[in-house]
Amino acid sequence: IWISQSGLENMIRSQQTYADGKDYLWTADVDVELPIFMNDSGPSSAPPVTLTTWFISACLRHATRAALLEYNRKTQAWSSLTYADYLDTAYAVSRSLISLGVRSRSCVGILSYNCAKWNLSFYGTVMSDCVPAGLYMSNSPETCHQVLLDCRAPLVFVEDADQLAKILKVWKDLPDLRHVVTYEKLDCEHANVMSFEEFLALGVSNAAQVQLEVESRIAGQKPGKCMVLVYTSGTTGVGKGTKLSHDACTTFVRYLQQFN
């Protein structure tokens with residue numbers, strides 16, 4: 001079993017019997033670090049690591065290579081992002097989240113199709129020690145409300161006007177939601193709606209100072225803590241949020257690597 005020193009101390013202080021496995025085999029709290037059960041051999045025997053560590057390492061190792069390729073339907077042209085740019089922009093997302101007062105372990109919604117900005121938002125959220133929660137583009141306003149209310153998201157990224165309209169319809173019933181960031185530049189009179197470019201600019205003025213906070217949050221991350229929330233589609237009722245830890249994701253990749 002692997003767990004950090006601070007995680008072990010928290011377990012001892014809690015003085016729980018763990019009769020039902022709560023906070024030992026499972027947890028409902030994104031801030032609880034669960035112990036990691038390891039095997040003697042194979043992918044599950046490798047030292048646990050955070051996804052953030054892997055992401056930064058990959059970006060530094062392949063800095064000049066293309067990391068993301070994206071096709072723009074309007075201009076009918078491809079654009080690319082190098083690993084160095086990928087890392088720099090993800091850091092910028094982290095700094096902007098912190099500049100807006102988004103606290104560590106907060107959940108951040110992402111309501112968009114797969115695109116470069118989705119990935120940048122995801123990794124920037126994870127690097128700021130927050131928890132991304134994806135929303136289906138097909139969600140109704142009511143389902144968007146249920147997910148954002150359940151995870152208490154203070155901020156949500158949305159792709160376009162259609163997705164923004166869903167959030168605006170239910171915003172008044174989301175007490176924790178403070179900001180909406182749109183991937184497309186839209187005309188919106190709401191004071192707390194901004195474009196992705198405006199969002200990134202928030203962390204520029206005091207970048208050096210805020211970057212220290214980003215690095216501090218990264219250093220405090222634990223492989224056994226929740227890294228992402230994955231909500232079910234709700235086909236048999238209200239969608240449920242499934243918590244996946246850093247270790248769950250990195251170990252899965254290690255198993256995939258066996259197939260090369």
Side-chain angles (χ1 to χ4, degrees), residues 4-7 30-31 33 48-68 70 79-110 112 115-134 151-157 176-183 192-229 245-247 249-250:
S4 70
Q5 180 68 29
S6 60
V30 296
D31 200 31
E33 178 189 1
V49 65
T50 65
L51 185 68
T52 304
T53 299
W54 268 15
F55 175 70
I56 294 175
S57 176
C59 288
L60 294 176
R61 190 166 62 250
H62 306 294
T64 60
R65 294 178 60 185
L68 296 174
E70 185 171 39
S79 61
S80 64
L81 199 69
T82 66
Y83 276 96
D85 292 335
Y86 200 176
L87 180 60
D88 287 345
T89 309
Y91 269 130
V93 170
S94 297
R95 291 193 295 269
S96 294
L97 286 171
I98 292 172
S99 296
L100 282 175
V102 179
R103 298 180 179 180
S104 177
R105 310 311 297 158
S106 297
C107 294
V108 173
I110 307 178
S112 169
C115 62
K117 290 177 180 176
W118 196 108
N119 289 272
L120 293 166
S121 301
F122 176 88
Y123 279 106
T125 297
V126 173
M127 291 168 67
S128 64
D129 197 37
C130 295
V131 181
C151 70
R152 300 177 181 176
L155 183 145
V156 60
F157 294 96
D176 296 294
L177 186 61
R178 297 288 180 268
H179 304 280
V180 176
V181 179
T182 65
Y183 290 161
N192 288 355
V193 174
M194 68 193 82
S195 69
F196 192 72
E197 289 72 23
E198 292 170 330
F199 167 73
L200 292 181
L202 295 174
V204 173
S205 60
N206 56 345
Q209 179 180 353
V210 180
Q211 184 64 26
L212 293 176
E213 172 65 15
V214 175
E215 299 296 345
S216 175
R217 292 190 181 190
I218 291 174
Q221 292 182 352
K222 304 294 191 297
K225 279 194 174 184
C226 178
M227 185 273 293
V228 61
L229 273 177
S245 68
H246 286 269
D247 178 70
C249 295
T250 55

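These figures come from a predicted structure and were not determined experimentally.
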Inset, instruction - Compare all side-chain heavy atoms of Cys115 with those of Glu70 and state whether any distance is below 4.5 angstrom. - result: yes

Legend entry - Backbone N/O of Gly124 and side chain of Ser94: donor-acceptor pair under 3.5 Å: yes

Legend entry - Arg95 side chain to Asn206 backbone, donor-acceptor under 3.5 Å: no

Legend entry - Side chains of Val102 and His179 in contact at under 4.5 Å (non-hydrogen atoms): no

Inset, instruction - For a ring pair (Phe, Tyr, Trp, His ring centres under 6.0 Å) with Tyr123, tell me which candidate from Trp118, Tyr91, Trp54, Phe55 qualifies. - result: Phe55

Legend entry - side chain to side chain donor-acceptor pair (under 3.5 Å) against Ser57, all qualifying residues, sequence neighbours excluded: Arg61

Inset, instruction - Ignoring hydrogens and angles, tell me if any N or O in the side chain of Ser216 forms a donor-acceptor pair with the backbone of Leu212 under 3.5 Å. - result: no

Inset, instruction - Measure across His246 and Val126 and return the closest heavy-atom pair with its distance rounded to 0.1 Å. - result: CE1-CG1, 3.8 Å

Inset, instruction - Could you check if a side-chain atom of Asn119 sits within less than 4.5 angstrom of a side-chain atom of Leu81, using non-hydrogen atoms only? - result: no

Inset, instruction - Scan Lys225, Arg105, Arg103 and name whichever one has a salt bridge (charged side-chain N to carboxylate O under 4.0 Å, His left out) with Asp129. - result: Arg105

Inset, instruction - Examine distances only and state if a side-chain atom of Gln221 and a backbone atom of Thr50 form a donor-acceptor pair shorter than 3.5 Å. - result: no

Legend entry - Non-hydrogen side-chain atoms of Ile110 and Tyr183 separated by less than 4.5 Å: yes

Inset, instruction - Considering non-hydrogen atoms only, spot the tightest contact between Ala90 and Met127 and give its length. - result: CB-SD, 3.7 Å

Legend entry - Considering all heavy atoms, the nearest Gly203-Ser99 contact: CA-OG, 3.7 Å

Legend entry - Side-chain H-bond candidate by donor/acceptor type, Gln211 with Glu215, under 3.5 Å: yes

Inset, instruction - Count the heavy atoms belonging to other residues, nucleotides or ligands that lie under 6.0 Å from CD of Gln209, then report whether that count exceeds 12. - result: no

Inset, instruction - Answer yes or no: is there a donor N or O on one side and an acceptor on the other, between the side chain of Asn192 and the main chain of Arg178, under 3.5 Å? - result: yes

Inset, instruction - Would you mind reporting whether Thr250 and Pro223 have side-chain heavy atoms less than 4.5 Å apart? - result: no

Legend entry - Close side-chain approach of Val180 and Val156, heavy atoms under 4.5 Å: yes

Inset, instruction - Check the pair Thr125, Val131 against side chain to side chain contact (heavy atoms under 4.5 Å, CB included), reporting the backbone distance first and the verdict last. - result: CA-CA 6 Å; Thr125 297; Val131 181; 5.9 Å; no

